Chemist: 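Quick one: this structure, given as structure tokens, is what I'll be asking you about.
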2 protein chains.
Amino acid sequence: MQTMTDLIHAPTPAEDPGIQATDRLARAGLRPTRQRVALAKLLFDGRDRHVTAEQLHGQASTADMRVSLATVYNTLHQFTEAGLLREVVVEAGRSYFDTNVSDHHHFFVEGSGHLLDIPGHALEVSGLPEAPAGTRVARVDVIIRLSAGG
Amino acid sequence: MQTMTDLIHAPTPAEDPGIQATDRLARAGLRPTRQRVALAKLLFDGRDRHVTAEQLHGQASTADMRVSLATVYNTLHQFTEAGLLREVVVEAGRSYFDTNVSDHHHFFVEGSGHLLDIPGHALEVSGLPEAPAGTRVARVDVIIRLSAGG
DNA sequence: TTTAAATCTGGATTCATTCCAAATTTCATG
DNA sequence: CATGAAATTTGGAATGAATCCAGATTTAAA
Ligand SMILES: [Mn+2]
Ligand SMILES: [Mn+2]
Ligand SMILES: [Zn+2]
Ligand SMILES: [Zn+2]
């Protein structure tokens, strides 16, 4: 549930890499439950991360945090809805969650399944046709698929 | 298995939209089994199509062709390996197979799951960073995600 | 505190896709 | 045209990511 105080904040989480997990949740209007705080600490450690639910669940287990896989899925989706994460689909049957919510694109290394960020300003897409009537552009994803072997 | 005669052909299937299903298979070095010919007829009807395995299986059933779902999957993958199709991933948990194997990109309409082609020449991606050492660019996919509501 | 709403959880379930081993079909060869 | 080895097909089982569910627990407004 949203409370009045959620509406008076200006700064975006992405702008402030050093903010604490609890603050981040508060700003996003999410209750700071034990599980969410724990997962936020793992996710927002300063690096840009691209993780699957299973990977994050594994990392939490390793760190002796008790969180069910169902909650990891719930949390990742909640964080995504709140704009704290972005979902990236590059392979059928697997979703990555990206802690970098700024405008950017990706290298995808086919064999390893690794995602690498390409800053949005580095890459330019020109000649975009108009969106079909009755639709609007929600997002432009550029995925550069890489194979091993230079 | 490939035979000697597979190697002496020049023209690419994509260049000749009117060729028969059996010819297409022969040129790709695939045996013209009843199932493959039937599916090729459905797929390469002149239009550019983006179908899932389930959709194609449904269409085959409707047309009173008896083909198992396992064979549809096998065939789609074989056609893709042979360069007759291209696999497109835009949503987790679902693969589309594209009869347009020329260089192009896609609009993806979020709600309906529809894919629309954007000719490759219409769109230009500039400022591509160099591929990381030990890798080469296999493909560049641009996906423009559309939401309903102009 | 009290208590309703929100959240968490293990287990069942869904669903696309893959796997499997037996049955059938294709086709090079004689 | 017949033979046989290799390729292909197939129904059903298995997989694995993701979702669903309903009961137990936690959060936070009042
Ligand atoms: Mn996963
Ligand atoms: Mn499908
Ligand atoms: Zn990223
Ligand atoms: Zn296409």
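Basis for what follows: all heavy atoms, side chains included, without hydrogens, waters or symmetry-related copies. Just so it is clear: chains get the letters A, B, ... in the order the sequence lines come, proteins before strands, and each one is counted from 1. Everything numeric in this text was worked out from a predicted model, so none of it was measured.
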Chemist: Are any of Tyr73(A)'s side-chain N or O atoms less than 4.0 Å away from OP1 or OP2 of dA18(D)?
Modeler: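 For dA18(D), OP1 or OP2 has a side-chain N or O of Tyr73(A) closer than 4.0 Å.
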Chemist: Taking the nucleotide of DNA chain D with the closest heavy atom to each, which residue, Ala92(B) or Gln78(B), is nearer the 5' end?
Modeler: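 Comparing both residues, the 5'-ward one is Gln78(B).
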Chemist: Just how far, in rounded Å, is P of dC19(C) from CG of Leu69(B)?
Modeler: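 Taking CG of Leu69(B) and P of dC19(C), I get 14 Å after rounding.
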Chemist: Quick one: are Val89(B) and Ser95(B) in side-chain contact, heavy atoms under 4.5 Å?
Modeler: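 Side chain of Val89(B) against side chain of Ser95(B), heavy atoms only: contact under 4.5 Å found.
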Chemist: Side chains of Val90(A) and Tyr96(A), heavy atoms from C-beta outward: is any pair under 4.5 Å?
Modeler: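 Yes. Closest side-chain heavy atoms under 4.5 Å.
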Chemist: All N/O contacts under 3.5 Å from nucleotides 23-27 of chain C to the protein, with atom names and distances to one decimal?
Modeler:
| unit_1 | atom_1 | unit_2 | atom_2 | d |
| --- | --- | --- | --- | --- |
| dT26(C) | O2 | Arg31(B) | NH1 | 3.3 |

Chemist: Rounded to whole Å, please give me the gap between CG in Leu25(A) and P in dA28(D).
Modeler: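 To the nearest whole Å, that distance equals 11 Å.
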Chemist: Rounded to whole angstrom units, what separation is found between the CG atom of Leu76(B) and the C1' atom of dA16(C)?
Modeler: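 From Leu76(B) CG to dA16(C) C1': 13 Å.
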Chemist: Taking the side chain as everything from C-beta on, heavy atoms only, tell me whether Val125(B) gets closer than 4.5 Å to Val142(B).
Modeler: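 Side-chain contact under 4.5 Å: yes.
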Chemist: Can you measure Glu54(B) atom CD to dT14(C) atom P for me and round it to whole angstrom units?
Modeler: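 Checked: the CD to P distance equals 15 Å.
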Chemist: Is there a side-chain contact between Phe107(A) and Arg145(A), using heavy atoms and a 4.5 Å cut-off?
Modeler: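 They are not in side-chain contact.
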Chemist: Quick check on dC8(C): is either OP1 or OP2 less than 4.0 Å from any side-chain nitrogen or oxygen of Ser68(A)?
Modeler: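 No, Ser68(A) has no side-chain N/O under 4.0 Å of OP1/OP2 on dC8(C).
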Chemist: Using whole Å, report how far CZ of Arg94(A) lies from C1' of dG16(D).
Modeler: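 Roughly 10 Å, once rounded to whole Å.
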Chemist: Assess Arg86(A) against Phe97(A): is NZ or CZ under 6.0 Å from the centre of the six-membered ring, and within 45 degrees of the ring's axis?
Modeler: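 No, Arg86(A) does not sit over the ring of Phe97(A).
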Chemist: Identify all side-chain donor-acceptor contacts of residues 113-120 of chain A below 3.5 Å with residues at least two apart in sequence or on another chain.
Modeler:
| unit_1 | atom_1 | unit_2 | atom_2 | d |
| --- | --- | --- | --- | --- |
| Asp117(A) | OD1 | His50(A) | NE2 | 2.8 |
| Asp117(A) | OD1 | His104(A) | NE2 | 3.0 |
| Asp117(A) | OD1 | His106(A) | NE2 | 3.1 |
| Asp117(A) | OD2 | Asn100(A) | ND2 | 3.0 |

Chemist: Please give, in whole Å, the distance from dA18(D) C1' to His77(A) NE2?
Modeler: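 To the nearest whole Å, that distance equals 8 Å.
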Chemist: Take the C1' atoms of the five end pairs on each side of the helix from dT1(C)-dA30(D) to dG30(C)-dC1(D), get both axes, and report the angle to 10 degrees.
Modeler: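 End-to-end axis angle for the helix from dT1(C)-dA30(D) to dG30(C)-dC1(D): 30°, rounded to 10°.
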Chemist: I need the minimum non-hydrogen distance between Arg49(B) and Leu43(B), along with the two atoms involved.
Modeler: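 Result for this residue pair: CD-O, 3.7 Å.
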Chemist: Taking the nucleotide of DNA chain C with the closest heavy atom to each, which residue, Asn74(A) or Tyr96(B), is nearer the 5' end?
Modeler: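 Checking each residue's closest nucleotide, the 5'-ward one belongs to Asn74(A).
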Chemist: Can you check the Glu91(B) CD to dT19(D) P distance for me, whole Å?
Modeler: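 Rounding to the nearest Å, CD of Glu91(B) and P of dT19(D) are 12 Å apart.
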Chemist: What I'd like to find out is whether the side chain of Leu30(B) reaches to under 4.5 Å of the side chain of Arg36(B), using heavy atoms alone.
Modeler: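 Side chain of Leu30(B) against side chain of Arg36(B), heavy atoms only: contact under 4.5 Å found.
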Chemist: Indicate whether OP1 or OP2 belonging to dT26(D) is found under 4.0 Å from a side-chain N or O atom of Gln35(A).
Modeler: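 So the side-chain polar atoms of Gln35(A) never come under 4.0 Å of the phosphate oxygens OP1 or OP2 of dT26(D).
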Chemist: On DNA chain C, compare the nucleotides closest to Ala70(B) and Arg66(A); which residue's is nearer the 5' end?
Modeler: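 This one resolves to Arg66(A).
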Chemist: Is the ring centre of Tyr73(A) less than 6.0 Å from the ring centre of His57(A)?
Modeler: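 Judged by ring-centre distance (under 6.0 Å), Tyr73(A) and His57(A) do not meet the cut-off.
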Chemist: Using a heavy-atom cut-off of 4.0 Å across all strands, would you classify His57(A) as base, sugar-phosphate, or nothing?
Modeler: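 Since no nucleic acid heavy atom lies under 4.0 Å of His57(A), the category is nothing.
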